[in-house]
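A note on names: the letters A, B, ... follow the listed sequences, proteins ahead of strands, and every chain is numbered from 1.
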Amino acid sequence: MADRRPEEPEMSRAKRPRTDDPSQNPYLAHMYEAQDTSDYNGYNRSNGSGTKARTGLSDFKRHATTALQAHDAEDGPNNPFNNAPLSKQYFNILKTRRDLPVHKQRQEFLDMFHKSQILVFVGETGSGKTTQIPQFVLFDDLPHFSGKLVACTQPRRVAATSVAQRVANEMDVKLGDEVGYSIRFEDVSGPKTILKYMTDGMLLREAMHDHNLTRYSCIILDEAHERTLATDLLMGLLKEIALRRPDLKIVVMSATLDAQKFQRYFNDAPLLAVPGRTHPVEIFYTPEPERDYVEAALRTVLQIHATEPEGDILLFLTGEEEIEDACRKITLEADEMIREADAGPLKVYPLYGNLPPQQQQRIFEPAPPPTRPGGRPGRKVIVGTNVAETSLTIDGIVYVVDPGFSKQKVYNPRIRVESLLVSPISKASAQQRAGRAGRTRPGKCFRLYTEAAFKKELIEQTYPEILRSNLANTVLELKKLGVDDLVHFDLMDPPAPETLMRALEELNYLACLDDDGDLTALGKLASEFPLDPSLAVMLISSPEFYCSNEILSLTALLSVPQIFVRPASARKRADEMKALFAHPDGDHLTMLNVYHAFKGAEAQADPKRWCHEHFISLRALQSADNVRQQLKRIMEKSELDLVSTDFNDKDYYTNIRRALVAGFFMQVAKKDPSGKTYKTVKDDQSVLLHPSTVLGVDSEWVVYNEFVLTTKNYVRTVTAVRPEWLLDIAPTYYDLATFPKGEVRTALQRTLDKIKRKQAMKGGR
DNA sequence: GAGCACTGC
């Protein structure tokens, strides 16, 4: 395969496009959609046909309006929602809005909206659903007359903010007035707001304090097919709220594939489908399975460059290292092709979440021009992770190379470990990837697997997040949301009973749930924090250990991405810098040292430079600062004291280590007698300390923040603790009467005996 | 001796 000459047009023979009935090809479906030319009831009539100027929407009857009425009101001259004169820009945008596919079905939408409390809306990309449907709702639901709001949820912050801005422009209002958004750390909405875009997690938070979501007259769940944890929980809640609140309207918006599943779930709610506006994408498969998907991907990219007409390439790989490696290799090979075969210039861009935003933006740079006038056209290649599948859309992509893999979170309830695994993608994902080739013009998608594999081996949909996660946090949230009977809570995909049991058990040990499974006072408090239960419990307990200021900082640091930067080109220097902050008792204390140094005068004088010099991520620290502020406000509201032990006190660090145990007593490992490996307590998993640790090998007992499953089982971010603290701080979990027999129990028993002897001596004196 | 896809509160 490696000796294949680039100019050989093999692809047309080996990777044959599908030739079976094209109308059955789901990827070409949009070519065959019924040409809808009906402008029902003359609704699409031209502008200015003698309709009088209308102010406001005073003669609109709620849930009995027509598309025509809304159309007239939109034509101005004044803004129907605030009576201000409409701008020229407004009318320009209005014209383009009326060209969107959803516009044709406005009346159809309203008819269904009137008849049904819950409505499922399916719209492919380019249909305009995210921007238009909420506006259609506004003109009929008239939330401002009842003092309520229409909410539209998004899985991601960027989507919530950018769509809100766009819709504010479309409605000719200032962002934050009639149209606003609400995301973590930022609420741009006010008393005038009638349409609020928000993250699904944010609406879930609101539901915790208002179980009926009474502020809202209509809730639109967008991108429901993504099945985020928050969306799944919201769907379950909304199903219940709908019964308690007949006045609440619910619209669930999704991509086509699983529409019927949503319909069924919502008691056979009516469904409205709107075609998208994309170009056909031709799909090619490999005739034989590929052994090495990275190698095959590189080969395919280079072959496209050599043989296919102008157009940019998007290649999907699984992770940062793989991507950087592939970028290097493609660049090298392309340079050779340019030298030896007069190929056009090729620019390669990596794209993954960890990339600084500035570098992420570079993918939008135009493809390079020909090296000389009249030469072969240039091309850009983007090598990206799944971010390119959902979060980011890049126009101009004509070729997609899809090896069929992505890293996915998996949860093993038996050993209570979440990990990332390179796994085959789903059919839905493959379709989404292919669709990226048809945004600006007809494109091609090269799948590096056989057609038979696609049909038989790929699952239909990626498993929803709720089936792949530790549910401790979810269960706590549900309890706080007033869902007492978890087993009968109607989720679209109920998680495995074992996963639920594990979560309940974990929360019971953390004393967030009592033995009846009811929320305790501690549990209620913990649910107020946007944190995992163990972190929340550690934070809430920290005043008892005289170090809540420090644990507050540490909790924030543990909730953001890795603060230590270690570029491949300067590993040694980075390690030397990290050593400056190292605390002999562990990584938690080391992180705290970094934070304190960062907040010191020298670093604050020029934080960017200081971080760069010390191989610290400024972004991570700034975001930790943000999180810290938010957590601090919640602590103050909950009347939790902010205290510190004097830095010169010998117990300063000891107190912090003891507080760690209060939340992480279930994440403790003990060194094996062999002295090399560790065993997790209770689960008896063999683990190694992650090589990034500052901890020496002489620590008998450690708490760890996370499990990392790669080639070996590692525990990362570890700090030394003493066994007597475990017995003292978490007596229920470390109850030796019920503790599994083994080395760990024997060691704990010895510790207990020692404590008893000491006490006896004291008492005997 | 180094393995964090992505999102969210």
Side-chain angles (χ1 to χ4, degrees), chain A residues 153-160 182-187 198-209 223 226-234 316-325 351-355 384-392 405-410 418-423 425 429 462 464-465 468-469 473-474 476-477 480-481 526-533 535-536 556 559-568 571-572 574-575 578 617 620 623 626-627 630-631 634 676 688-694 697 705-714 716-717:
Chain A
T153 68
Q154 298 293 322
R156 282 169 292 279
R157 287 188 212 161
V158 271
S182 174
I183 59 173
R184 188 182 186 180
F185 306 127
E186 219 183 335
D187 182 4
M198 60 205 299
T199 45
D200 47 15
M202 201 69 202
L203 187 61
L204 197 62
R205 276 273 142 197
E206 282 192 17
M208 286 184 194
H209 294 108
E223 314 290 358
E226 287 197 28
R227 303 292 306 278
T228 66
L229 248 169
T231 295
D232 270 15
L233 299 183
L234 281 171
F316 287 99
L317 290 178
T318 64
E320 175 174 341
E321 204 174 295
E322 198 177 83
I323 287 170
E324 292 291 356
D325 202 44
L351 173 66
Y352 44 86
N354 246 346
L355 215 60
T385 62
N386 265 358
V387 262
E389 195 180 304
T390 46
S391 315
L392 270 165
F405 293 97
S406 71
K407 270 191 195 170
Q408 287 167 31
K409 187 171 75 178
V410 287
E418 272 180 3
S419 52
L420 285 169
L421 218 64
V422 175
S423 325
I425 61 170
S429 219
T462 309
E465 201 184 356
R468 299 184 283 122
S469 308
N473 199 19
T474 305
L476 186 67
E477 280 170 1
K480 175 71 182 175
L481 286 159
S527 70
E528 293 293 324
F529 290 91
L531 294 169
D532 273 342
L535 280 172
S559 324
V560 298
Q562 188 60 254
I563 60 167
F564 296 103
V565 178
R566 198 164 181 269
R571 286 188 183 150
K572 197 155 165 275
D575 291 347
K578 186 175 171 182
S617 161
S623 117
N626 231 342
V627 174
Q630 187 191 26
L631 298 177
I634 300 171
K676 280 195 185 126
L688 291 168
L689 303 190
H690 194 274
S692 64
T693 188
V694 298
V697 283
N705 183 57
E706 61 179 341
F707 225 100
V708 184
L709 291 184
T710 51
T711 45
K712 293 177 182 134
N713 293 353
Y714 290 111
R716 189 161 50 185
T717 313

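The side-chain contact (heavy atoms from CB on, under 4.5 Å) test with A:T199 is passed by exactly one of A:I183, A:T153, A:V158: A:I183.
Among the heavy atoms of the strands, none lies under 4.0 Å from A:F529. At the heavy-atom level, A:R157 lies under 4.0 Å from the strands shown only through sugar-phosphate atoms. Residue A:I183 is in sugar-phosphate contact alone, with no base atom involved, counting any heavy-atom pair closer than 4.0 Å across all strands shown. Within 4.0 Å (heavy atoms only), A:T199 reaches sugar-phosphate atoms of the nucleic acid but no base atom. Backbone-only contact: A:R156 has heavy atoms under 4.0 Å from sugar-phosphate atoms and none from a base. Nucleic acid contact for A:D575: base, since at least one base atom lies under 4.0 Å from a heavy atom of the residue. Residue-level contact check: A:R227 touches neither bases nor backbone, having no heavy atom under 4.0 Å from any strand. Using a 4.0 Å heavy-atom distance criterion, A:V708 is classed as a sugar-phosphate-only contact.
If A:R468 and A:V158 are placed on DNA chain B by their nearest nucleotide, the residue sitting closer to the 5' end is A:R468. Both A:P530 and A:E320 lie close to DNA chain B; mapped to their nearest nucleotides by heavy-atom distance, the more 5′-ward contact belongs to A:E320.
Proximity note for A:T385 (side chain, C-beta onward) versus B:dC9, B:dA5, B:dG3: the nearest is B:dA5.
For A:L233 and B:dT7, the CG to C1' distance is 14 Å, given to the nearest whole Å. B:dC9 atom P lies 12 Å from atom CG of A:D187, rounded to whole Å. Across the protein-nucleic acid pair, A:D532 atom CG and B:dG8 atom P stand 16 Å apart, rounded to whole Å. When the P atom of B:dG1 is taken as reference, atom NZ of A:K572 falls 18 Å away, rounded to whole Å. Taking atom CG of A:L631 as the reference point, atom P of B:dC9 lies 13 Å away to the nearest angstrom.
No donor-acceptor pair under 3.5 Å is formed between the side chain of A:T693 and the backbone N or O of A:P691.
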